[in-house]
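Here is the naming used below: chain letters follow the sequence lines, and residue numbers restart at 1 for every chain.
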Amino acid sequence: PAAAMALIAAYVRKGHLHEAKHIFDKLEQPSIAASTSMITAYAQEGDLERAKQIFDGMELLDEISWTVMLQAYAQRGKMREAKRLFDSIPVPVDKGRDLVAWSVMLLGYTQARDVPRARDLFQTIPRRNVVSWTLMLQAYVEAGEFSNAIELFNSMPERNVVSMTAMLAAHAGRQDLEAAKFMFDSMPEKNLVSWSAMLQGYATSGDIRGAKILFEEMPWKDTVAWTTMLQAYAQAGHLRTSLFVFETMPERNVVSWTAMISAFAHSGNQMDSIQIFHAMNLEGVKPDDICFASALLACNHVGLLYRGHGYFTSMRRDHGIAPGREHYFSMADILCRAGRLESAQELIRTMPFVPE
RNA sequence: GGGAAAGAGUC
């Protein structure tokens with residue numbers, strides 16, 4: 001049973017819902033933890049119905065199972081459902097409401113760009129911690145309410161490396177290199193994310209020289225940092241250097257590959273993009289929706305009808321990815337360029353989105 | 001043994 005739990009947790013973490021379910025189904029008396037893991041697994045798949053089914057079938061619920069179900073709704077933007085559930089969570093009179101549940105709600109409103117509700121909720125939290133404050137900061141940042149973000153940051157009772165990095169990243173996002181650097185230099189503790197955020201600050205400000213210097217000073221580098229550097233060169237038009245970074249980095253994930261595909265496509269080398277896309281498949285790195293969008297864009301620009309169509313159909317068939325708007329539009333564009341107007345119209349007519 | 005905040009790719 002304990003071993004089964006460890007297995008389920010491992011499968012869920014890797015996104016292997018089927019394997020997790022297989023083990024879960026064999027348990028006669030699933031523990032709260034096992035059921036909670038399965039809720040997480042279904043929520044990851046976007047299958048809220050099954051997630052709720054498990055939740056409703058549980059005899060005992062604890063703080064974590066409530067919060068996981070809450071998160072399932074909040075992550076999918078179902079804030080009305082989330083709020084209903086939140087209000088039905090029993091609150092122990094002595095301890096008060098679980099802070100994590102507050103955080104999940106706050107994050108949900110942030111992702112919904114609902115600053116008024118986020119602020120209301122934030123002000124209702126009886127004992128805010130640094131996570132609550134950082135979430136509220138992020139709500140302002142993502143809604144573009146920068147002066148509110150600054151004001152909140154300055155009034156935070158406590159800051160840590162995460163909240164300071166969030167503020168640093170906000171400065172970087174506005175290309176305020178001075179403010180970002182000032183924050184970076186004033187941080188008593190820096191981790192890989194802080195360094196990476198600073199690196200991104202240089203990159204988006206077009207200071208490729210500063211980016212390179214910082215990159216070489218970094219005490220640790222992961223794939224995110226390497227890809228940021230790759231992208232910095234690509235955006236500055238240094239395609240050769242970008243490719244050099246790509247070939248030098250110790251590991252490449254789907255984001256690094258996609259950055260390279262786009263770098264070639266944006267510089268007019270669409271055939272190189274397509275070669276990179278193939279090399280990625282040969283390496284066994286699974287393309288995701290964004291990667292397919294980039295590959296389709298490259299096909300579109302050089303008018304590769306059959307290849308483009310091959311990618312488009314392969315998305316669902318081989319990778320289980322539902323084509324989104326941009327995939328349909330790219331594909332329709334490819335068809336148009338090839339003179340297949342009626343096929344293009346048919347595709348747009350049958351796509352599961354409202355055409356604009 | 002299961003839950004919350006910060007950094008990279010498309011537009």
[X] near the nucleic acid: base, sugar-phosphate alone, or nothing, with a heavy-atom cut-off under 4.0 Å?
{"X": "Ala259(A)", "result": "sugar-phosphate"}
{"X": "Ser256(A)", "result": "nothing"}
{"X": "His266(A)", "result": "sugar-phosphate"}
{"X": "Ile8(A)", "result": "nothing"}
{"X": "Ser163(A)", "result": "nothing"}
{"X": "Leu106(A)", "result": "nothing"}
{"X": "Asp289(A)", "result": "nothing"}
{"X": "Thr228(A)", "result": "sugar-phosphate"}

Considering only side-chain heavy atoms of [X], which listed nucleotide, [options], is closest?
{"X": "Val162(A)", "options": "A8(B), U10(B), A6(B)", "result": "A6(B)"}
{"X": "Ser262(A)", "options": "A8(B), G2(B), G9(B)", "result": "G9(B)"}
{"X": "Val100(A)", "options": "A6(B), G9(B), A4(B)", "result": "A4(B)"}
{"X": "Thr40(A)", "options": "A6(B), G2(B), A5(B)", "result": "G2(B)"}
{"X": "Leu107(A)", "options": "U10(B), G2(B), A5(B)", "result": "A5(B)"}
{"X": "Ser294(A)", "options": "U10(B), G7(B), A4(B)", "result": "U10(B)"}
{"X": "Ala9(A)", "options": "G9(B), G2(B), A4(B)", "result": "G2(B)"}
{"X": "Gln231(A)", "options": "A6(B), A8(B), A5(B)", "result": "A8(B)"}
{"X": "Leu297(A)", "options": "A6(B), G7(B), U10(B)", "result": "U10(B)"}
{"X": "Val224(A)", "options": "G9(B), A8(B), A4(B)", "result": "A8(B)"}

ring-ring contact (aromatic ring centres under 6.0 Å, His included), paired with Phe246(A), selected from Trp257(A), Phe264(A), Trp226(A):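 It is Trp257(A), the one option of Trp257(A), Phe264(A), Trp226(A) that forms the ring-ring contact (aromatic ring centres under 6.0 Å, His included) with Phe246(A).
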Is the [X] to [Y] ring centre distance short of 6.0 Å?
{"X": "Phe86(A)", "Y": "Trp66(A)", "value": "no"}
{"X": "His319(A)", "Y": "Phe292(A)", "value": "yes"}
{"X": "Phe244(A)", "Y": "Tyr233(A)", "value": "no"}

Euclidean distance, atom [atom1] of residue [X] to atom [atom2] of [N] [Å, nearest integer]:
{"X": "Ile290(A)", "N": "C11(B)", "atom1": "CD1", "atom2": "C1'", "answer": "9 Å"}
{"X": "Met260(A)", "N": "A8(B)", "atom1": "CE", "atom2": "C1'", "answer": "14 Å"}
{"X": "Trp102(A)", "N": "A5(B)", "atom1": "CH2", "atom2": "C1'", "answer": "17 Å"}
{"X": "Tyr109(A)", "N": "A4(B)", "atom1": "OH", "atom2": "P", "answer": "19 Å"}
{"X": "Leu168(A)", "N": "A5(B)", "atom1": "CG", "atom2": "P", "answer": "19 Å"}
{"X": "Leu7(A)", "N": "G2(B)", "atom1": "CG", "atom2": "C1'", "answer": "14 Å"}
{"X": "Asn300(A)", "N": "C11(B)", "atom1": "CG", "atom2": "P", "answer": "13 Å"}
{"X": "Met315(A)", "N": "U10(B)", "atom1": "CE", "atom2": "P", "answer": "16 Å"}

To the closest 0.5 Å, what do you measure between CD (Gln345(A)) and SG (Cys336(A))?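 The distance works out to 8.0 Å.
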Sorted by number, the residues of residues 272-284 of chain A with heavy-atom contact under 4.0 Å to RNA chain B: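 Listed by number, there are none.
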Looking at side-chain heavy atoms only, is the closest gap between Leu17(A) and Gln44(A) below 4.5 Å?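 Not touching, per the 4.5 Å side-chain cut-off.
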If you go through the side-chain atoms of [X], does one of them form a donor-acceptor pair with the base of [N] closer than 3.5 Å?
{"X": "Ser37(A)", "N": "G2(B)", "value": "no"}
{"X": "Asp222(A)", "N": "A8(B)", "value": "no"}
{"X": "Ser31(A)", "N": "G2(B)", "value": "no"}
{"X": "Asn160(A)", "N": "A6(B)", "value": "no"}

For Arg117(A), what residues pass the salt bridge (Lys or Arg N to Asp or Glu O under 4.0 Å) criterion, not counting sequence neighbours?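 Once residues adjacent in sequence are excluded, the partners of Arg117(A) under the salt bridge (Lys or Arg N to Asp or Glu O under 4.0 Å) criterion are Asp114(A).
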Results of salt bridge (Lys or Arg N to Asp or Glu O under 4.0 Å) for Glu346(A) - residues two or more places apart only: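 Testing Glu346(A) for salt bridge (Lys or Arg N to Asp or Glu O under 4.0 Å), a comparison that skips the adjacent residues, returns Arg349(A).
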Parallel, tilted or perpendicular for His16(A) and Tyr11(A), by the 30°/60° rule?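 Geometry flag for Tyr11(A) against His16(A): tilted rings.
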